[in-house]
Amino acid sequence: MPAAADAPSVSPSPTKKPVAGGSRPSVAEMLAMARGEKQDGATASAPVAKEKPTRKAADKPVAPAAQQEMAPVSTGPIDTQSILAAARKGAKPGPMTKAEAAARGAIAVPEAKKARAKEAIVVPPMPVRPESAKPLTGRTKDQPQAERRAFLFGFSALTVGFAGLAATFGAWTLATVRFMFPSILREPPSRFKVGFPDQYPAGQVEEKFKAQFGVWIVNTEYRGEQQLVALRTVCTHLGCTPNWLETEQKFKCPCHGSGFYKDGINFEGPAPRPLERYAISVASDGQIEVDKSRMFQEEMGQWNDPGCYIPV
Ligand code: FES
C-alpha cells in the first residue's frame, strides 16, 4: 500500500509504545484495526500520524497480560440504551425474590422446605364454642336489647309523670298559701314619734321624715306664736311634692311653681290654699308624736285647734 511510503514522517506517538511482555496489540492498534486499516508491523504500516492521540488512550494503564487474557469479551450491548432495551424485551430479567426464582425453576428448593411451606398455610380447625357462649334457646339475638329499651322507656315515662304530678301539687300549695295571705298595701303607721321638742330649735325645718312619712317637722312662728307643727308634704295645687329651699326659706313645688312660706301659707303659683297640718302632740314619754289620721286646714280655721301644734 503506497500510503505507508508516502506518509509523512511523524514523530512516534506515546501511544505507539510496544506493550511490554506480550503480543497483544495496543489500544491504538486495535482502533486502527477497527477502522479497517491494514496493520503491517508494529509501527511503520499503521497510519499513526492520522490518529489523534487522546489523553484517555494515552494515559490508560495497560493491564497485565494474564489479566487481559482472563477478561471476558463482551459480545452484547455495551451502552446503557442497549442494556435498557434488552431489559424491556425480557431478555434480561430484573431482580427477583427467592420464591419467584423457585417458581421459575431458577433455583432448586428442597422438598422438605416445600413441605413446610404447605404446612404453614394449613388452617387450624375452629375451637369448640363453650356453653356460656352458645345462644339462649327460645330467645332471639336482639331480644335482650329490646327488653332493655322497653324498660327504659317505661321508667322515663313514669319519671315524667311523677315530676308533673309533683309540680302540680307544688303550684296548688303555693296558690293556697297565697290565698291565706291576701294582698294588702303595707303603709307606715299613722302614728309615730319624731323625737323631743328641744331637738327642733326655732326656725328649723326637719326633712328626715319626708321620705318615709311624708311630713316636715317645722318650728315656726304663726300669728305671733312659736309652734312645732307637722306639715303635710303635698302641694295643694295638684298633689306634687314640694321641696324646702333653705337659702330662700320657702317650700317650692317643682310642678307648677307654687311657693309656700315656712309656716305653710301659700304665696305664689297656682296653689289655692296653704299646706295641710297633721295632728301633733307630746306623748307620755315626752317625745313628739305625729298622728297622720287627722289633718287640719288653715283656710277652714282649723289651725287654731291645739291638736295641730305644740307651743314652744
Ligand atoms: Fe304644685 Fe301644681 S302641683 S304647683
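When a ligand or atom number is given, it counts from 1 through the structure's own listing order. Bear in mind the structure is a predicted one, so any value in this text is a computation, not a measurement.
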Using side-chain hydrogen bond (donor to acceptor under 3.5 Å, both in side chains) as the criterion, list what pairs up with Q249, not counting sequence neighbours.
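Result, side-chain hydrogen bond (donor to acceptor under 3.5 Å, both in side chains) vs Q249: E246, K262.
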Please find the N/O/S atom of H256 nearest to atom 2 (Fe) of ligand 1 and write down its name.
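This residue's closest N, O or S atom turns out to be ND1.
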Looking at atom 2 (Fe) of ligand 1, which N/O/S atom of H237 is the nearest one?
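Minimum-distance N/O/S atom of H237 relative to atom 2 (Fe) of ligand 1 is ND1.
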Is S258 touching ligand 1 with its side chain, its backbone, both, or neither, if touching means heavy atoms under 4.0 Å apart?
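Both backbone and side chain.
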Ligand 1 versus C253, non-hydrogen atoms closer than 4.0 Å: side chain, backbone, both, neither?
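C253 to ligand 1: side-chain contact only, backbone stays beyond 4.0 Å.
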How far is atom 3 (S) of ligand 1 from its nearest protein heavy atom, and which residue and atom name does that atom have?
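Result for atom 3 (S) of ligand 1: L238 N, 3.2 Å.
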Metal check, atom 2 (Fe) of ligand 1 vs C235 N/O/S, cut-off below 2.8 Å:
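No, C235 does not qualify, because none of its backbone or side-chain N, O or S atoms lies under 2.8 Å.
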Starting from F209, can I reach V229 by hopping between I/L/V/M/F/W/Y residues whose side chains sit under 4.5 Å apart?
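The answer is no; the residues belong to distinct hydrophobic clusters.
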N/O donor to acceptor pairs below 3.5 angstrom from side-chain atoms of residues 156-170, sequence neighbours left out:
| residue | atom | partner | partner atom | Å |
| --- | --- | --- | --- | --- |
| S156 | OG | L152 | O | 2.9 |
| T159 | OG1 | F155 | O | 2.9 |
| T168 | OG1 | G164 | O | 2.9 |

NZ/NE/NH1/NH2 to OD/OE distance under 4.0 Å, K250 and E248
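Counted as a salt bridge, because a side-chain N and a carboxylate O are separated by less than 4.0 Å.
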salt_bridge(R191, E289) N-O dist < 4.0 Å:
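Between E289 and R191 there is a salt bridge, with a charged N closer than 4.0 Å to a carboxylate O.
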Does any N, O or S atom in C255 come within less than 2.8 Å of atom 1 (Fe) of ligand 1?
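For C255, the answer is no, given that no N, O or S atom comes within less than 2.8 Å of atom 1 (Fe) of ligand 1.
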Check: Y309 ring centre within less than 6.0 Å of Y222 ring centre
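Distance test on ring centres: not under 6.0 Å, no.
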Any idea which atoms of ligand 1 are less than 4.0 Å away from a heavy-atom of C240?
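Answer, ordered by atom number: 3 (S).
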